[in-house]
Amino acid sequence: MTGRPAAPGPGGGFAGPVDESLRDQVAAHLARYDDGVLPIVQAGHPVLRRPALAYTGQLGDLFPRLVEAMRTTMHAAPGVGLAAPQVGLGLAVAVVQDAGVTDPEDADLRERYPVPFRVLVNPSYTAADDERRSFFEGCLSVSGWQAVVARHRSVRLTGQDEHGARVDEVLTGWPARIVQHETDHLRGELYLDHAELRSLSSNDNMMRYWGGTPDPTEASEALGFRLP
C-alpha cells in the first residue's frame, strides 16, 4: 500500500530544505569516480556503526545522481542491496534489486524470486508474524565471509520511495531478508550482529562445504550452532 507523495519541494517529494554543505560534500564524493562506481567501505569504518541521518530533501536535485551511483555500484559489486553508509554517506537511503535464482528448489526454499529495482528512503520494518527462517547471508561491507542469520520471514516495511511517496507493505521470504539487512545498515548494524557466529565461513568454505543446498541444517550440525 502506497500513500500520496508529500508536496513537491527542492528535493522532489521531500519537503525539507537543501543542506548546501551536505550537498557539496556528496557532490564532491560522486565527482571523484567517473564511472559511477563508488568504493564500498568495509567493517571497521565508523560510518557503518552510526545511525544514518533521515533524508528529508537535503540533497535537492543531486539526489537522483546519488541513487544512480548507488545502483551502478550495487550492480558492479555485484549485490542485491546497498545502503548509503556502505559508500561512506550516512544518509537513510538504500537501493535493492535481485534477479532471483534459477534453481527452482532453491527459489522455493528461500522464497527468492526476482525483485525489481527500488529505492528505500527512511525505511523501517516490524515483524509481520512470529515465523523466523535461517539462511547463510553475506555483506558487501564484510567482504569474503558469510554466516547464518535467523530473520523474520515476513515484515511490514514502512518508509518512502525516491519521490517521497509513502511506502507501507508486507514482504515475505528473500525480499523481506534484503529489506531487513539494508535497513539494519541504516541503524548502524551489520548482519554479524544478528548471526550465529559459529557458522561464520569464508566464501570458499561456504561453497565447498555448504554450497550444495541453501538449507543450513547440515552446517548447524557440523559447526555446532542451533537453528530456531
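When reading the values below, keep in mind they use all heavy atoms of this one structure, side chains included, and skip hydrogens, waters and symmetry mates.
- Between Y55 and F63, the ring planes are parallel. Angles under 30° get that label, and only those over 60° would be called perpendicular.
- With a 6.0 Å radius and a threshold of 12 heavy atoms from other residues, nucleotides or ligands, E131 has its CD atom above the threshold.
- A salt bridge is defined here as a Lys NZ or Arg NE, NH1 or NH2 lying under 4.0 Å from an Asp or Glu carboxylate O, and E162 with R65 fails to meet this definition.
- Shortest non-hydrogen contact noted between A77 and I40 is CB-CD1, 4.1 Å.
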Verify side chain to side chain contact (heavy atoms under 4.5 Å, CB included) between R71 and V119, making sure each step is shown before the conclusion. CA-CA 9 Å; R71 179 178 188 168; V119 182; over 6 Å; no
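- Side-chain contact between P39 and Y33: present, with at least one pair of heavy atoms (C-beta onward) separated by less than 4.5 Å.
- In this structure, CD on Q180 lies 11.0 Å from CH2 on W174, to the nearest 0.5 angstrom.
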Start with the C-alpha gap between Q97 and V115, add the side-chain angles, then the distance that decides, and say whether side chain to side chain contact (heavy atoms under 4.5 Å, CB included) holds. CA-CA 5 Å; Q97 185 173 8; V115 175; 5.9 Å; no
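- R187 places no side-chain N or O within 3.5 Å of a backbone atom of P51 that could act as its donor or acceptor partner.
- In this structure, the side chains of D161 and R166 stay at 4.5 Å or more apart for every pair of heavy atoms.
- Using a 4.5 Å cut-off between side-chain heavy atoms of Ile, Leu, Val, Met, Phe, Trp and Tyr, with links allowed through other members, L53 and M70 fall into the same hydrophobic cluster.
- Of the possible polar contacts, one joining the R132 side chain to the A150 backbone as a donor-acceptor pair under 3.5 Å is found.
- One finds the OG atom of S124 at 8.5 Å from the CG atom of L157 (value rounded to the nearest 0.5 Å).
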Any chance you could lay out the side chain to side chain contact (heavy atoms under 4.5 Å, CB included) test for L120 and V95, step after step, and finish with the verdict? CA-CA 6 Å; L120 308 177; V95 295; over 6 Å; no
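- Between R133 and H152 there is no side-chain heavy-atom pair separated by less than 4.5 Å.
- One finds the CG atom of L48 at 12.5 Å from the CG atom of D184 (value rounded to the nearest 0.5 Å).
- Hydrophobic clustering (ILVMFWY, side-chain heavy atoms < 4.5 Å, transitive): V41 and L89 are in distinct clusters.
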Begin with the C-alpha distance, continue with both residues' side-chain angles, and end with the deciding distance and a verdict on side chain to side chain contact (heavy atoms under 4.5 Å, CB included) for L200 and L192. CA-CA 9 Å; L200 186 65; L192 291 175; 3.9 Å; yes
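- Ion pairing between a basic and an acidic side chain is recognised when a charged N comes within 4.0 Å of a carboxylate O; R112 and D106 show no such pairing.
- A single hydrophobic cluster is not seen to contain both M74 and V142; linkage of ILVMFWY side chains at heavy-atom distances under 4.5 Å, directly or through other members, places them apart.
- At a threshold of 4.5 Å between non-hydrogen side-chain atoms, the residues S201 and Q146 do not count as touching.
- Side-chain contact between L38 and T72 is absent, with no heavy-atom pair separated by less than 4.5 Å.
- In the hydrophobic clustering of this structure, F14 groups with V26; members are Ile, Leu, Val, Met, Phe, Trp, Tyr whose side-chain heavy atoms approach within less than 4.5 Å, directly or through other members.
- To the nearest 0.5 Å, the span separating OG on S220 from CH2 on W210 amounts to 9.0 Å.
- Looking at E196 and R226, no side-chain N of the basic residue comes within less than 4.0 Å of a carboxylate O on the acidic one, giving no salt bridge.
- Linking Ile, Leu, Val, Met, Phe, Trp and Tyr residues whenever their side-chain heavy atoms come within less than 4.5 Å places L30 and V67 in a single cluster.
- The existence of a salt bridge linking R177 and E137 is confirmed by a sub-4.0 Å separation between a basic side-chain nitrogen and an acidic carboxylate oxygen.
- Distance CG/L171 to OG/S154: 8.5 Å, rounded to 0.5 Å.
- Between the H185 side chain and the A92 main chain, no donor and acceptor come within less than 3.5 Å of each other.
- Side-chain atoms of Q42 and S141 form no donor-acceptor pair, as typed in the model, at a separation below 3.5 Å.
- Considering V148, V149, L227 in turn, V148 is the only one that fulfils the side-chain contact (heavy atoms from CB on, under 4.5 Å) rule with S199.
- Looking at E221, its side chain never comes within 3.5 Å of a backbone N or O of E218 through a donor-acceptor pair.
- Taking 4.0 Å as the cut-off between side-chain N and carboxylate O, D19 and R23 do not count as a salt-bridged pair.
- D108 and Y113 share a side-chain donor-acceptor pair at under 3.5 Å.
- Salt-bridge annotation for R156 and D168: present, with a side-chain N of the basic residue lying under 4.0 Å from a carboxylate O of the acidic one.
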Stepwise, does the side chain to side chain donor-acceptor pair (under 3.5 Å) test hold for T213 with D215? CA-CA 5 Å; T213 174; D215 185 343; 5.3 Å; no
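- Shown here is D35, whose CG atom has more than 12 heavy atoms of other residues, nucleotides or ligands within 6.0 Å.
- A distance of 6.0 Å separates OH of Y125 from CZ of R151, quoted to the nearest 0.5 Å.
- Among V93, L186, L91, the single residue meeting the side-chain contact (heavy atoms from CB on, under 4.5 Å) criterion with P85 is L186.
- The pair E189-R49 does not count as a salt bridge, with every side-chain nitrogen at least 4.0 angstrom from each carboxylate oxygen.
- Side-chain contact between R50 and P46 is present, with heavy atoms from C-beta onward closer than 4.5 Å.
- Nearest approach of P216 to F225, heavy atoms of both residues: O-CZ, 4.2 Å.
- Taking the side chain as every heavy atom from C-beta outward, Q86 and C139 approach each other to under 4.5 Å.
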